[in-house]
Asks: 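My questions all concern the structure below.
The figures here come from the full heavy-atom set of this structure, side chains too, leaving out hydrogens, waters and symmetry mates.
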Amino acid sequence: MDLVTIQGNQVLTSSTVVALAFDKKHYNVVRDIEVLIANMTALKIEGSSETEKNQYELTERKIVLSVEGFFIESKYKDASGKQNKCYLMTRDGFSLLVMGFTGQKALEWKLKYIEAFNYMEESIKRVNELDITNSEEWRMLKGSAKSIVHIDT
């Protein structure tokens, strides 16, 4: 299981991976994320002017954008092939979600995720600086990044 992945220039993890890593039911992780999104949206709207509040009410997309730096709604197929809702999350979304997870196992996984996010973000920076995407160095860097963040379950 890869703890984090790169999509574009963004390092992300998913609610399905978090549920597996932290030994939680996926529907509970989704529920917790949706509570965070609702609370973040409420904070954004409460702190807005009346005109901005009306704009938020008119376009749900604008509300989604206010939390997009944290959580991105997505889909995955379960073992039976059924499409289910999941969330992709940035480092900030992950941090916000798992802050409330407690215990020794949770601490161990938090530290693994921090290491994985840091390594992948540093890898992206190095690749962007060097523009070596078609070289042997890129293949080696990509392989080493995967080996750092891949955990067998």
Side-chain angles (χ1 to χ4, degrees), residues 1-45 56 59-135 137-153:
M1 153 178 71
D2 291 334
L3 296 181
V4 297
T5 59
I6 298 174
Q7 291 187 15
N9 274 342
Q10 198 167 31
V11 181
L12 301 170
T13 192
S14 73
S15 56
T16 55
V17 172
V18 169
L20 285 171
F22 287 89
D23 197 27
K24 299 202 176 276
K25 300 280 187 209
H26 184 250
Y27 63 85
N28 288 333
V29 173
V30 168
R31 178 205 59 210
D32 292 347
I33 290 170
E34 289 175 344
V35 166
L36 287 169
I37 290 170
N39 289 337
M40 292 168 69
T41 301
L43 281 175
K44 181 73 173 171
I45 291 173
Y56 283 116
T59 170
E60 186 177 310
R61 177 71 180 143
K62 200 158 196 169
I63 293 172
V64 172
L65 285 174
S66 70
V67 294
E68 205 164 75
F70 294 85
F71 304 106
I72 304 160
E73 190 173 325
S74 189
K75 298 273 185 199
Y76 76 98
K77 285 185 182 178
D78 63 18
S80 69
K82 181 183 171 198
Q83 289 270 343
N84 296 291
K85 181 182 356 181
C86 70
Y87 285 91
L88 301 176
M89 63 193 92
T90 63
R91 171 200 291 266
D92 292 342
F94 168 80
S95 298
L96 193 59
L97 175 66
V98 302
M99 262 185 222
F101 296 179
T102 60
Q104 186 65 29
K105 184 176 180 181
L107 176 59
E108 290 171 19
W109 278 107
K110 288 177 191 180
L111 292 170
K112 287 178 185 179
Y113 269 94
I114 289 168
E115 179 184 0
F117 271 107
N118 287 339
Y119 187 85
M120 293 297 264
E121 287 172 350
E122 185 58 34
S123 296
I124 290 171
K125 286 179 192 172
R126 285 189 282 169
V127 167
N128 287 339
E129 289 171 2
L130 299 175
D131 191 26
I132 58 171
T133 54
N134 290 324
S135 69
E137 290 87 356
W138 166 244
R139 286 187 286 283
M140 289 174 52
L141 179 61
K142 188 175 177 183
S144 67
K146 274 199 172 274
S147 67
I148 288 282
V149 299
H150 183 82
I151 306 295
D152 292 322
T153 56

Asks: Any side-chain heavy atom of Trp109 sitting closer than 4.5 Å to one from Lys112?
Replies: yes
Asks: Could you tell me the separation between the NZ atom of Lys24 and the CG atom of Asp32, rounded to the nearest 0.5 Å?
Replies: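 So the NZ of Lys24 and the CG of Asp32 are separated by 7.5 Å.
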Asks: For Tyr87, enumerate each residue passing the ring pair (Phe, Tyr, Trp, His ring centres under 6.0 Å) test, keeping only those at least two apart in sequence or located in another chain.
Replies: none
Asks: For the atom pair CG (Asn84) and OG (Ser74), what is the distance rounded to the nearest 0.5 Å?
Replies: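 Answer rounded to 0.5 Å: 11.5 Å.
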Asks: List in chain and number order the residues that pass side chain to side chain contact (heavy atoms under 4.5 Å, CB included) with Glu108, two or more places apart in sequence or in another chain; answer none if no residue qualifies.
Replies: Gln104
Asks: Tell me the salt bridge (Lys or Arg N to Asp or Glu O under 4.0 Å) pairs involving residues 73-98, sequence neighbours left out?
Replies: Glu34-Lys85, Arg91-Glu121
Asks: For a quick test of reading the model, state the closest non-hydrogen atom pair linking Ser15 to Val30 and the distance between them.
Replies: OG-CG2, 4.2 Å
Asks: Contact between Leu36 and Phe70 at the side-chain level, heavy atoms closer than 4.5 Å - yes or no?
Replies: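 The answer is no, as the side chains (C-beta and beyond) never meet within the 4.5 Å cut-off.
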Asks: If you round to the nearest 0.5 Å, how far is CZ of Phe71 from CE of Met40?
Replies: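 That separation rounds to 6.5 Å.
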Asks: Hey, what's the ring geometry for Phe117 with Phe94, parallel, tilted or perpendicular (30° and 60° as the breaks)?
Replies: tilted
Asks: Could you tell me which non-hydrogen atom of Lys25 sits nearest to which non-hydrogen atom of Ala19, and how far apart they are?
Replies: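 Taking every non-hydrogen atom into account, C-CB, 4.3 Å.
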Asks: Can you tell if the side chain of Leu97 reaches within under 4.5 Å of the side chain of Ile33, non-hydrogen atoms only?
Replies: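 Answer yes - side chains close enough.
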Asks: Who passes side chain to side chain contact (heavy atoms under 4.5 Å, CB included) against Thr16, sequence neighbours left out?
Replies: Ser14, His26, Tyr76, Cys86
Asks: If the condition is side chain to side chain contact (heavy atoms under 4.5 Å, CB included), which residues does Asp23 pass it with, not counting sequence neighbours?
Replies: Lys105
Asks: If every non-hydrogen atom of Met89 is compared with every non-hydrogen atom of Val18, which pair is closest and at what distance?
Replies: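 Of all heavy-atom pairs spanning Met89 and Val18, the closest is CE-CG2, 4.0 Å.
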Asks: State, yes or no, whether a side-chain contact exists between Thr13 and Thr5 at a heavy-atom distance under 4.5 Å.
Replies: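 Heavy-atom side-chain distance check fails, nothing below 4.5 Å.
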Asks: Taking all atoms of both residues into account, what is the closest heavy-atom pair of Phe22 and Ala106, and its distance?
Replies: CE2-O, 3.5 Å
